[in-house]
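Start at 1 with the first residue, then count along the sequence. Order of listing sets the numbers, starting from 1, for every ligand and every atom in it. Both backbone and side-chain heavy atoms feed into the values below; hydrogens, waters and symmetry mates do not.
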Amino acid sequence: MTELAPATGATLLSVVPAAGDRRRHPAPAHLRFFHGPMDCGKSTLALQVDHNQSRQGRRGLLLTQGDRSAQPQISSRVGLCREALEVQAGTDLRLLVRDHWAAGHRVDYLIVDEAQFLTAVQVDQLAELVDESHVDVYAFGLTTDFRARLFPGTQRLLEVADDVQRIQVEVLCWCGLPGLLNARVVDGEMVREGATVVVADTAPTPAPDADDDVHYQVLCRRHHVLGQLGPTAAGPGQLALR
Ligand SMILES: [Zn+2]
């Protein structure tokens, strides 16, 4: 029996990291995903999270794709705005962070807006940054496209994120029920076919020279199924803020 004791001790040592190892690593990081329909306040929340993190002395990178302002920035309909890096479909997010480290900049966290546009590979790169480099990731994105199907980036985030939250700011359909789904409206008609990604705002496009007026409207499930946009094109379901 006495001979077994050292062996048991050795087994325990091999599975429990030494105290020094734990001190060397920062607290575990997380991949958090916040999602909802258009107008639910995702970008506002993204900027709020960035503000809170930076007040703690942490340094972050803001990433986006196809922000409504068509500039590399995160802008929210309530008027907040911050410069961001534009991500392309082929961007390796691990290299992007390592390049910043190589240039001498700290990156403690990433804010990723429009995360629905990420590829599955890029979402896995974010997970790797969390697990191997202890970078906290806060991703914000739309749940479904105008056909009421998950975006690829959203699907992968739902699969691998540590924490998933549906954003609780209630967006209302014109009928007063909670709006869950995004309708694409072309020349006043809801459409169900076309490219998955057409960047437009929820207010009608003002450009008089544009061929088509493309915008989005948030509807409840029933009115999305029926394709009913409400009594008037600029009715109460529209968000007029710009
Ligand atoms: Zn409705």
Side-chain angles (χ1 to χ4, degrees), residues 32-49 64-70 74-80 112-118 139-159 161 163-208 210-242:
R32 297 202 160 93
F33 181 44
F34 302 82
H35 68 96
M38 299 183 84
D39 285 343
C40 74
K42 283 181 306 300
S43 299
T44 308
L45 183 58
L47 294 171
Q48 183 70 51
V49 168
T64 190
Q65 279 189 66
D67 180 72
R68 72 178 65 81
S69 60
I74 296 176
S75 63
S76 87
R77 294 183 185 81
V78 295
L80 302 170
V112 188
D113 199 16
E114 311 290 355
Q116 72 276 2
F117 296 146
L118 296 173
F140 302 82
L142 296 175
T143 315
T144 53
D145 66 13
F146 69 104
R147 295 164 301 193
R149 303 287 177 189
L150 290 176
F151 281 94
T154 300
Q155 181 183 336
R156 191 62 186 149
L157 281 159
L158 291 172
E159 288 165 348
D163 185 44
V164 174
Q165 291 184 36
R166 187 190 279 258
I167 294 175
Q168 294 300 318
V169 175
E170 203 163 77
V171 188
L172 299 181
C173 179
W174 56 268
C175 69
L177 285 174
L180 296 174
L181 301 169
N182 306 304
R184 181 181 293 168
V185 183
V186 179
D187 290 333
E189 297 284 332
M190 179 173 164
V191 297
R192 298 179 190 275
E193 290 178 2
T196 303
V197 179
V198 173
V199 175
D201 208 343
T202 46
T205 313
D211 290 342
D212 293 319
D213 166 34
V214 181
H215 68 279
Y216 291 92
Q217 185 175 343
V218 179
L219 298 173
C220 70
R221 185 175 58 231
R222 178 165 173 264
H223 286 132
H224 196 280
V225 169
L226 295 173
Q228 292 178 353
L229 299 173
T232 63
Q238 296 286 342
L239 190 82
L241 294 172
R242 296 189 61 73

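The aromatic rings of Phe34 and Phe140 lie parallel to each other, with less than 30° between the two planes, well short of the 60° mark.
Tyr216 contributes atom OH, which lies 6.5 Å from atom CE of Met38 (distance to the nearest 0.5 angstrom). His224 NE2 to Arg192 CZ: the interatomic distance, rounded to the nearest 0.5 Å, is 6.0 Å.
If you put the vertex on the Zn ion (ligand 1), SG of Cys173 and SG of Cys220 sit 110° apart, to the nearest 10°.
Between the side chain of Gln116 and the backbone N or O of Leu142, at least one donor-acceptor pair lies under 3.5 Å.
Of all the N, O or S atoms in His223, the one closest to the Zn ion (ligand 1) is ND1.
When distances to the Zn ion (ligand 1) are checked against a cut-off of 2.8 Å, Cys175 contributes an N, O or S atom below that limit.
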